[in-house]
Amino acid sequence: MPVIQKVKEIVDSGTIGKILSTNIVSTLPAQTWGPQVTESMSYIAAASSACLTLLRPPMDCVQHVLGDFASISASTSIMYPTITIVGAEGSLTGKTLQAETPDHIVCAATLESGALASMIWRRRRFLWEIDGEKGCIRLEGDELTSSILSISNPNIYLNGELMNVPGTAEGPMRGLTSAWTEFAKGDAGRYPTLDDAVKLRRLLDVISRSAKEGRRIEVE
């Protein structure tokens with residue numbers, strides 16, 4: 001998406017200097033992660049690995065913009081063990097279910113560059129901050145899909161100033177069309193590959209293992 005490409009351009013240009021740390025507060029949509037969920041989305045709360053699905057977009061973008069992870073320590077928690085199922089309009093159905101997937105996820109990591117990273121997934125607005133020696137970048141979004149960076153374009157601020165990024169008004173289809181446009185360029189294009197997908201899958205596995213085993217794990 002245009003905003004993520006803009007962030008990468010700023011980082012790669014050295015505008016904010018050496019990256020020191022990054023912080024993400026990512027959103028978990030309220031209708032799919034307790035204490036109430038819609039009946040049509042209740043299967044997500046009952047799937048033990050569902051939380052990894054929403055980790056993919058922000059973690060993928062961190063790797064794309066800032067480079068690979070070196071090690072990660074993760075913790076998860078089910079703060080809403082009993083979930084109330086509601087109808088499409090929010091009306092009570094009288095049904096409940098026992099949550100199987102975490103609704104709060106926290107990661108503390110070190111990137112291969114040496115920069116530190118902290119990430120938390122919860123039911124709040126989206127925020128991503130990148131701190132460098134010469135400045136900072138901040139992304140913010142209030143929409144439920146703001147953290148799904150493959151289809152959203154949250155506001156971007158460079159040293160506190162809101163930036164105008166061309167293409168953000170075109171909606172989620174811009175990400176798909178731009179990816180195919182880059183793919184058509186061959187080796188000169190910038191698009192996600194199968195290698196990127198495998199790398200991301202390994203990273204998510206490390207997060208899952210770390211949360212289960214209660215220890216920091218090196219990312220191979």
Side-chain angles (χ1 to χ4, degrees), residues 1 3-28 33 49 51-77 102-141 145-150 152-160 163 190 192 195-220:
M1 294 297 283
V3 164
I4 296 304
Q5 291 306 322
K6 187 62 177 179
V7 172
K8 183 168 177 57
E9 288 174 10
I10 296 171
V11 170
D12 290 348
S13 70
T15 300
I16 63 172
K18 177 184 177 181
I19 303 303
L20 304 175
S21 65
T22 187
N23 171 66
I24 292 180
V25 177
S26 194
T27 54
L28 294 176
W33 257 266
S49 61
C51 64
L52 294 181
T53 301
L54 290 187
L55 267 62
R56 287 173 181 154
M59 298 301 281
D60 189 26
C61 288
V62 171
Q63 288 195 138
H64 176 64
V65 173
L66 301 179
D68 294 339
F69 287 81
S71 63
I72 289 182
S73 176
S75 296
T76 62
S77 180
D103 47 54
H104 281 64
I105 308 161
V106 178
C107 294
T110 301
L111 302 180
E112 289 188 350
S113 65
L116 299 179
S118 64
M119 294 143 284
I120 181 169
W121 284 262
R122 58 184 184 181
R123 297 173 63 247
R124 292 293 184 270
R125 69 196 307 267
F126 173 73
L127 172 67
W128 182 11
E129 298 173 311
I130 302 173
D131 290 319
E133 288 183 323
K134 300 178 182 178
C136 65
I137 302 170
R138 186 175 81 253
L139 283 75
E140 294 182 350
T145 58
S146 291
S147 64
I148 308 177
L149 297 170
S150 57
S152 68
N153 283 297
N155 291 329
I156 174 175
Y157 298 82
L158 176 59
N159 296 324
M163 300 189 70
R190 296 181 300 176
D195 288 339
D196 294 324
V198 171
K199 184 187 298 184
L200 179 59
R201 179 69 254 183
R202 288 173 176 167
L203 177 62
L204 296 178
D205 286 344
V206 167
I207 292 174
S208 180
R209 286 173 51 209
S210 175
K212 290 178 180 178
E213 298 174 14
R215 64 184 181 92
R216 194 177 191 88
I217 297 179
E218 301 295 318
V219 181
E220 299 179 357

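Reckoned from all heavy atoms, side chains included, excluding hydrogens, waters and symmetry mates. Because the structure is a prediction, the values reported are computed rather than measured.
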query = So, Arg201 and Asp205, do they make that salt bridge, N to O below 4.0 Å?
reply = yes
Pairing residues for Glu129 by the salt bridge (charged side-chain N to carboxylate O under 4.0 Å, His left out) criterion, not counting sequence neighbours = none
query = Under the salt bridge (charged side-chain N to carboxylate O under 4.0 Å, His left out) test, which residues partner Asp195, sequence neighbours left out?
reply = none
ask   = Quick one: SG on Cys136 to CG on Asn159, what's the gap to the nearest 0.5 Å?
value = 5.0 Å
remark   = For Gly67 and Leu111, the nearest pair of non-hydrogen atoms, with its separation, is O-CD2, 4.2 Å
message = Any heavy-atom pair between the side chains of Ser77 and Asp103 that's under 4.5 Å?
response = no
key: Residue pair Ile207, Met119: steps toward the side chain to side chain contact (heavy atoms under 4.5 Å, CB included) verdict   = CA-CA 11 Å; Ile207 292 174; Met119 294 143 284; over 6 Å; no
query = From Met163 CE over to Lys6 NZ, what is the distance, rounded to the nearest 0.5 angstrom?
reply = 4.5 Å
inquiry  = To the closest 0.5 Å, what do you measure between CG (Asp60) and CG (Leu204)?
reply    = 9.0 Å
query = Quick check: does any side chain N or O of Asn153 sit under 3.5 Å from a backbone N or O of Val3, one acting as donor and the other as acceptor?
reply = yes
request  = Starting at OG of Ser208, measure out to CD of Glu213 and round the result to the nearest 0.5 Å.
outcome  = 9.0 Å
ask   = Is it true that a side-chain atom of Ser71 and a backbone atom of Ile217 form a donor plus acceptor pair closer than 3.5 Å?
value = no
inquiry  = I need the single residue from Ile137, Ile19, Thr22, Ile130 that forms a side chain to side chain contact (heavy atoms under 4.5 Å, CB included) with Val65. Which is it?
reply    = Ile130
inquiry  = Can you confirm whether Leu158 sits close enough to Ile16 that some side-chain heavy atom of one is under 4.5 Å from a side-chain heavy atom of the other?
reply    = yes
query = Is Pro154 close to Trp128 at the side-chain level, that is, under 4.5 Å between some pair of heavy atoms?
reply = no
Verdict with reasoning, Trp121 to Cys107, per side chain to side chain contact (heavy atoms under 4.5 Å, CB included) = CA-CA 9 Å; Trp121 284 262; Cys107 294; 3.9 Å; yes
Set of side chain to side chain donor-acceptor pair (under 3.5 Å) partners for Thr110, sequence neighbours left out = Arg216
request  = Decide yes or no for Leu20 and Glu133: does some side-chain heavy atom of the first lie under 4.5 Å from some side-chain heavy atom of the second?
outcome  = yes
Contacts of Lys18 that satisfy salt bridge (charged side-chain N to carboxylate O under 4.0 Å, His left out) - sequence neighbours left out = none
query = Going from CZ on Arg138 to CG on Asp131, what distance comes out if it is rounded to the nearest 0.5 angstrom?
reply = 11.0 Å
key: Reported CD1-to-SG distance for the pair Ile4 and Cys61, which is rounded to 0.5 angstrom   = 4.0 Å
ask   = At their closest point, which heavy atom of Ala74 faces which heavy atom of Ser210, and how far apart are they?
value = N-OG, 2.8 Å
Do any side-chain atoms of residues 7-14 form donor-acceptor pairs under 3.5 angstrom with protein atoms, and if so which ones, sequence neighbours left out?
unit_1: Lys8; atom_1: NZ; unit_2: Asp12; atom_2: OD2; d: 3.4
unit_1: Lys8; atom_1: NZ; unit_2: His64; atom_2: O; d: 3.0
unit_1: Ser13; atom_1: OG; unit_2: Glu9; atom_2: O; d: 3.3
unit_1: Ser13; atom_1: OG; unit_2: Ile10; atom_2: O; d: 2.7
unit_1: Ser13; atom_1: OG; unit_2: Thr15; atom_2: N; d: 3.3
unit_1: Ser13; atom_1: OG; unit_2: Thr15; atom_2: OG1; d: 2.6

ask   = side chain to side chain contact (heavy atoms under 4.5 Å, CB included) between Val219 and Arg202: does it pass, once the steps are laid out?
value = CA-CA 8 Å; Val219 181; Arg202 288 173 176 167; 5.9 Å; no
request  = Kindly write out the residues that satisfy side chain to side chain donor-acceptor pair (under 3.5 Å) with Ser118, not counting sequence neighbours, or none if the list is empty.
outcome  = Asn23
